[in-house]
Every structure is written in C-alpha cells, then in structure tokens.
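Notes follow the structure.
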Amino acid sequence: MTMLSPSSPANCDTICGDVAVPYPFGIGLPQCYLPGFNLTCDTSHDPPRLLLGDDGSLRVVEISLRNNTVRVTGKASALTITGKIIAASDDFSSILRARGEAPYSLSTRNELTLTGCNVQAMLLRDGNPATISGCAALCSFNDTGVLTDEDEPCHGIGCCQARISMSKDGMPKELSLQWFDQNSYKNLVSTAPYMLIAEEGWFNKRRFIGELDRKTHQNLEVPIVLHWEVSQPGPSRPSATLRSQNQICPQEVANNICKSKHSHCKPGNRGYSCQCDEGYHGNPYLVSGGCSGGSNKFFKGQ
C-alpha cells in the first residue's frame, strides 16, 4: 500500500507560475508526488505553465484539495460529421491514456454541447448503462438559420446542452455523434454539426460560431474540470455500500492517506480523499503544514 509523506517533501517545487501545487500533486522527483499525480512545470513560457501529461496538451490552471478537482484547459476536441459520413466517434479516454491508471475522472461540473440540425450526441462509458450524457438538436431543413442565431439559447433547436453524470470507472470511453436520418447530410452539408465537452457555463454560442466562421475552432482553448481521488490497491477500493451509506473509510486506509491530525477520510467512486475537519484548513495529506485553525492565505486553487 502506497504511503504518503508525513511532511512536505524536501527539494520539491510547490508553485508553477501562479498555480499552487499541493501534495499529493508534485513536480520533478518521484518523492514529490503520489503515483499518477505528477505534473510538469514548463519554464519555457513566461509565466511558466503547469502541465498535465507529458505531451503538454492539458494546462493546469487550478488544483483544489477541498473540491478534489483539477481545472485544465486544452485545444478544443470538437467532434463533427462531414459529407456522407452517417456517424462519428472519438476515444475520449485517450485524453489521459499515457498516464496508465490515472486518478482522474470527468467531473459533473462539465457539460456536453452540440450544435447542428437533426443530430444526436452521446458521451459513453464502459458498462451498463453506457450513456452518461446525451442530447439532440433539431430543426427543419429550411430553417438552418437557427444555427447562426447567436441570441438563441441551446434548448434543443439547432443547439443543445446536457449535464454529465459521474463516470464510476474513470474517464468516459467515447464521444458519439450521428444523424437521425442518413439523408440529413444532403441538405445540411454547409452546416456541419459539432460536439464538445467543456466546463459548465463556458460555452458561448456567439464566440463558437465566430470561431467556426474563421476556421479557428480547433485552436480554441476549452476548460475541463477533472475529479481526482487517491487510489488504494486491491480490496481497498471503496464498495458501493460504503459510498451509498456515507460511511467513513476503513481505518487502515484513513491512517495511510490522511496524515494531518485534524483531518478525516472520505470514500469516493474509485478511491478516497482527505478533508480538514470543520474549523480547520490546509493540506490534510501532510503532518507538517497540514490542517490548522485560524486565518490563512491561499494561493490560487487552495
């Protein structure tokens, strides 16, 4: 079972640019982070950029210990259908595939957005039921103006949005986009549909349509919120009963991951997390510099 450092690891950077990097996240040496929580500080930019993944495709802008989230931005991964293609799909799980058993899942603070006419979009996972989000956009074939009406909300006419359920098995597996009717494309070749995942509230129809008109939508940076948990090997993974009854963590797990004297452990879908007790704040994963009372100043993300 992986043990956490009882105090802040020596010689470990805890800030990259204007973003704090609290343990169990870390930069550099393996002792600076838990497996799967390693980040990269790219100092070739001014200010430096904190990156998730070796390819630099995701930039970390905020880490929250309290909410168990990492907010990242990356180039828009917009799925579309062109020409006579009836349906299309994309492997969404590849976003973190190179990291192996990553501690991340897609947060419910994101939403699915679809623009187009007579198309449906779905976000899928392994297992049954497979669908964790989906919506449909409708319009008459002679009413494609709704796609360019920037003031119309995304309520299903030319554009739709849907909230995302938590994926219990980590990252969703697949984005799926298809026509309702295979003949739809014949009348809509100039208004190809687009589907994307982004942080809730980010999507702006006026901005996105402008990016489509300029053919620059693939360079648009889109924010996504990831949920994270500390995994434990073997049978220490939380059971459905433990989660549904809002029970506490097994004592062995709590002792292993929550090092601050004033902290407690919470079971999640794929692992566990630590929180400071009521009236305390700080880092529950550390003894030295852990949870404390009184006032304190926080860097962005804490």
Side-chain angles (χ1 to χ4, degrees), residues 52 57-64 67-81 88-96 104-127 129-139 146-178 180 192-212 217-229 268-270 301:
L52 177 64
S57 59
L58 296 177
R59 181 168 61 91
V60 177
V61 296
E62 185 177 32
I63 299 173
S64 174
N67 298 324
N68 288 96
T69 56
V70 176
R71 188 170 181 265
V72 300
T73 63
K75 297 295 179 60
S77 179
L79 184 61
T80 187
I81 305 176
S89 63
D90 189 23
D91 184 1
F92 189 82
S93 62
S94 63
I95 191 172
L96 292 172
Y104 304 102
S105 56
L106 189 65
S107 171
T108 56
R109 299 185 182 196
N110 301 287
E111 61 188 356
L112 179 154
T113 298
L114 170 65
T115 64
C117 269
N118 302 325
V119 288
Q120 61 180 357
M122 291 184 292
L123 183 62
L124 307 173
R125 69 174 182 90
D126 287 325
T131 304
I132 60 175
S133 185
C135 70
L138 306 171
C139 54
V146 298
L147 299 177
T148 55
D149 190 342
E150 299 171 349
D151 297 322
E152 282 293 320
C154 288
H155 290 165
I157 307 302
C159 180
C160 69
Q161 292 178 304
R163 302 199 62 176
I164 294 174
S165 302
M166 179 67 73
S167 178
K168 296 180 180 180
D169 300 317
M171 297 299 290
K173 177 178 175 60
E174 183 181 356
L175 290 168
S176 176
L177 179 62
Q178 63 184 21
F180 282 137
Y194 284 90
M195 168 192 183
L196 58 83
I197 303 296
E199 182 179 9
E200 192 173 20
W202 172 85
F203 180 78
N204 179 285
K205 194 175 181 182
R206 181 188 302 271
R207 175 178 56 192
F208 191 71
I209 290 174
E211 295 289 347
L212 291 178
H217 60 283
Q218 294 296 344
N219 293 322
L220 187 65
E221 284 213 336
V222 175
I224 295 178
V225 181
L226 303 178
H227 181 82
W228 59 269
E229 295 169 333
N269 286 321
R270 304 170 62 234

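FYI, the numbering just counts along the sequence from 1.
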Nearest heavy-atom approach of V222 to W202 is CG2-CH2, 3.7 Å
pair V119-M195: side-chain heavy atoms closer than 4.5 Å: no
On a heavy-atom basis, the closest approach of L114 and A137 is CD2-N, 4.0 Å
Roughly how far, to the nearest 0.5 Å, is the CD atom of Q120 from the CD atom of Q178? 4.5 Å
Working to the nearest 0.5 angstrom, can you tell me the gap between R125 CZ and L106 CG? 13.0 Å
For Y104 versus L52, what's the shortest heavy-atom pair and its separation? OH-CD1, 3.5 Å
Between C154 and C160, is the SG gap short of 2.5 Å? no
Evaluate the side chain to side chain contact (heavy atoms under 4.5 Å, CB included) criterion for residues T108 and I164: first the C-alpha distance (whole Å), next the side-chain angles of each, then the deciding distance (0.1 Å), finally the verdict. CA-CA 5 Å; T108 56; I164 294 174; 5.7 Å; no
Roughly how far, to the nearest 0.5 Å, is NE2 of H155 from CD of Q161? 8.0 Å
What's the shortest heavy-atom distance between A121 and L112, and which atoms? CB-CD2, 4.1 Å
Flag side-chain contact, heavy atom, 4.5 Å: L58 against V70: no
Test of understanding: with side-chain contact (heavy atoms from CB on, under 4.5 Å), list the residues that count as partners of T73, not counting sequence neighbours. R59, V61, E221, P223
For N110 and S107 the tightest heavy-atom approach is ND2-O, 2.9 Å
Minimal non-hydrogen separation, F203 against C159, with atom names: CE2-SG, 4.1 Å
What residue among V225, I63, I224 forms side-chain contact (heavy atoms from CB on, under 4.5 Å) with V72? I224
Pairwise distance CD1(I132) to CG(L123) - rounded to 0.5 angstrom: 4.0 Å
State the CD1-CD distance between I197 and E111, to the nearest 0.5 angstrom. 9.0 Å
Using a 3.5 Å distance criterion without hydrogens, assess whether the side chain of S133 forms a donor-acceptor pair with backbone atoms of R163. yes
What's the spacing between Y194 OH and L177 CG if we round to 0.5 Å? 10.5 Å
State, yes or no, whether a side-chain contact exists between T131 and L124 at a heavy-atom distance under 4.5 Å. yes
What residues form a salt bridge (Lys or Arg N to Asp or Glu O under 4.0 Å) with E229, not counting sequence neighbours? none
